[in-house]
Number of protein chains: 2
Amino acid sequence: MSEQELSTEKTILEAAKKVFLDKGFDGARMQEIADEAGINKALLHYYFRSKDKLFDAIFEEAFKQFLPNISEIMVSDRSIEEKVRAFVGHYIDMLQNNPYLPVFVIRELQRKPDTILEILKKSKINPIQVAVILKQQTEGGQIIDISLPHLIVNMIGLCVFPFIGRPIIEGFLFNNNTEAYNAFLLERKTLVADFILNAIKLK
Amino acid sequence: MSEQELSTEKTILEAAKKVFLDKGFDGARMQEIADEAGINKALLHYYFRSKDKLFDAIFEEAFKQFLPNISEIMVSDRSIEEKVRAFVGHYIDMLQNNPYLPVFVIRELQRKPDTILEILKKSKINPIQVAVILKQQTEGGQIIDISLPHLIVNMIGLCVFPFIGRPIIEGFLFNNNTEAYNAFLLERKTLVADFILNAIKLK
DNA sequence: GTCTATATCGGGATAGAC
DNA sequence: GTCTATCCCGATATAGAC
């Protein structure tokens, strides 16, 4: 595999990612990807035999990026407060750098919900291990009794939803003022962490 | 317009709603909608000139259904606790009856983000009025100082996200156990309300 | 490896009979 | 109002020259 080939392949992948993330599999056009990459359609098929295969090459990476590595943050000896703040901060940062990721992943999950399980099995996330940590915190009297699924869904939901609902939030709540929307996102890095900690900490 | 015509139109709309909600605009096929309605493609075009127009007939209603009427619940003289519990309970109920609604709306919002503003203008939601109510609660020393956008996004996000992330939650957190997932949803009607109230109530 | 040209098919839309 | 048959474009995919 020559230098040039690697470079072309990468160019195609970047172009494909851009188009697929914006339009989704059904909405994306091979022609648009080719244009974006500055090549022609035939070359796409030369590198990736079909649209499906090209898509798969994009999706797995995007999905793994979307899934925050809860285990890594939760399994440490920092305080629960530090863990929540670290998680929310890092995750919102990542989403700001990849604002289309959530809608893309969600859309395609619905299209073929089966593919994800294999990817998840390969991931390093270990819910049981995290659940044990959580139980320790609860029994130590630091936080309320909340199950891991609820806590995870709440944390991720609070981080992700502003990106999913962007058209409504920016358009309606902020009258299409993009600066106001971005300021809103920035505020959330501390606000969401405070919100979660207030909700789960025992008083 | 005869009885029969109304009936056929309704049948088409129901079929279209089912297919569009599942596949999205790009993924939906007029043939599939016709099959679902037990008629043929030509008749679809007879009633709704184009796929676009048929889609529009579905989308506006779905979008209005998806938008919870915050104003109606917030503008009342009930306590903040009652308001939050009523909102979360009703909204999760509605989502359980329309589990595909969130992903559908989100997907199509991304496709044409402009259309929503007109729909929203026509809605009865009045953010300013709600913001005033919120301010009163804050100044009355009942809840923490949180802006309306953050509170709305948090409340809606916590309700909606379990439906958006269903494939991951049901598939991974609950090992594809649908009963466990449904039980989880049921728990959330009180859990989410508690979570929000804990987070915002002044101690 | 990259291009142009083309095959092939699927899907939205229309014509026209009944 | 409902059907069958068909048009026609657009999109994936391939053939073949360079």
Side-chain angles (χ1 to χ4, degrees), chain A residues 1-62 100 104 107-108 110-112 115, chain B residues 1-62 100 104 107-108 110-112 115:
Chain A
M1 208 181 277
S2 70
E3 289 286 329
Q4 182 55 32
E5 187 173 347
L6 259 180
S7 168
T8 305
E9 192 175 327
K10 255 194 161 174
T11 309
I12 293 175
L13 283 171
E14 270 172 36
K17 181 170 183 179
K18 186 168 175 186
V19 176
F20 277 135
L21 257 75
D22 185 32
K23 305 284 176 68
F25 179 83
D26 292 322
R29 297 289 162 249
M30 294 295 267
Q31 183 62 60
E32 192 178 351
I33 295 173
D35 292 346
E36 182 73 33
I39 56 167
N40 59 16
K41 282 189 292 177
L43 207 53
L44 291 184
H45 285 90
Y46 175 79
Y47 278 90
F48 304 84
R49 291 170 37 86
S50 67
K51 184 182 180 184
D52 261 291
K53 288 197 168 48
L54 177 53
F55 179 82
D56 289 346
I58 301 299
F59 183 73
E60 178 160 346
E61 197 204 329
Y100 291 139
F104 170 71
R107 178 169 30 196
E108 305 305 334
Q110 170 126 341
R111 218 169 50 87
K112 36 180 184 170
T115 36
Chain B
M1 210 180 277
S2 72
E3 290 283 329
Q4 182 55 33
E5 188 173 345
L6 260 179
S7 168
T8 304
E9 192 175 328
K10 253 193 162 175
T11 309
I12 292 175
L13 283 171
E14 271 171 35
K17 182 170 182 179
K18 187 170 174 184
V19 175
F20 277 135
L21 256 75
D22 186 32
K23 306 284 177 68
F25 180 83
D26 292 323
R29 296 291 163 251
M30 293 296 267
Q31 184 61 60
E32 191 179 352
I33 295 173
D35 292 346
E36 182 74 32
I39 56 168
N40 58 16
K41 279 193 293 177
L43 207 54
L44 291 183
H45 285 90
Y46 175 78
Y47 279 91
F48 303 84
R49 290 170 37 87
S50 68
K51 185 182 181 184
D52 261 291
K53 288 196 167 49
L54 177 54
F55 179 82
D56 289 345
I58 301 297
F59 183 73
E60 179 160 345
E61 197 204 330
Y100 291 140
F104 171 70
R107 177 170 30 197
E108 306 305 334
Q110 170 125 343
R111 220 170 47 87
K112 37 179 182 170
T115 37

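A, B, ... follow the sequence lines: proteins, then strands. Residue 1 opens every chain.
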Has the side chain of A/Lys18 got a donor or acceptor atom that lies under 3.5 Å from a matching backbone atom of A/Ala37? no

Rounded to whole Å, CZ of A/Arg29 lies from C1' of D/dA13 at a distance of 14 Å

What is the separation between atom OH on B/Tyr47 and atom C1' on C/dA13, rounded to the nearest whole Å? 18 Å

Test B/Arg111 against B/Asp26 for side-chain contact (heavy atoms from CB on, under 4.5 Å), laying out the working first. CA-CA 10 Å; B/Arg111 220 170 47 87; B/Asp26 292 323; 3.7 Å; yes

Gap between atoms CG and C1', on A/Asn40 and D/dA13 respectively (whole Å): 13 Å

Between B/Lys10 (NZ) and D/dG1 (C1'), how many Å, whole number? 19 Å

Quickly work out the B/Met30 CE to D/dC7 P distance and round it to whole Å. 20 Å

base_contact_polar (C/dG11 base, B/Lys41 side chain, donor-acceptor, <3.5 Å): no

Can you classify the ring geometry of A/Phe55 versus A/Phe20 as parallel (below 30°), tilted (30 to 60°) or perpendicular (above 60°)? perpendicular

In whole angstrom, give the distance that lies between atom CG of B/Leu43 and atom C1' of C/dA15. 15 Å

Nearest to the side chain of B/Thr8, which nucleotide is it out of D/dC3, C/dG12, D/dT2? D/dT2

How close or far is atom P of C/dG12 from atom CG of B/Asp35, stated in whole angstroms? 12 Å

Rounded to the nearest Å, what distance is computed from the CD1 atom of residue A/Ile39 to the C1' atom of nucleotide C/dT2? 9 Å

Using only atom types and a distance under 3.5 Å, with no angle test, would you say the side chain of A/Lys17 pairs donor to acceptor with the backbone of A/Ala62? no

Checking all strands, does B/Ala34 fall into the base, sugar-phosphate, or nothing category for heavy-atom contacts under 4.0 angstrom? nothing

What nucleotide among C/dT4, D/dG1, C/dG12 has an atom nearest to a side-chain atom of B/His45? C/dG12

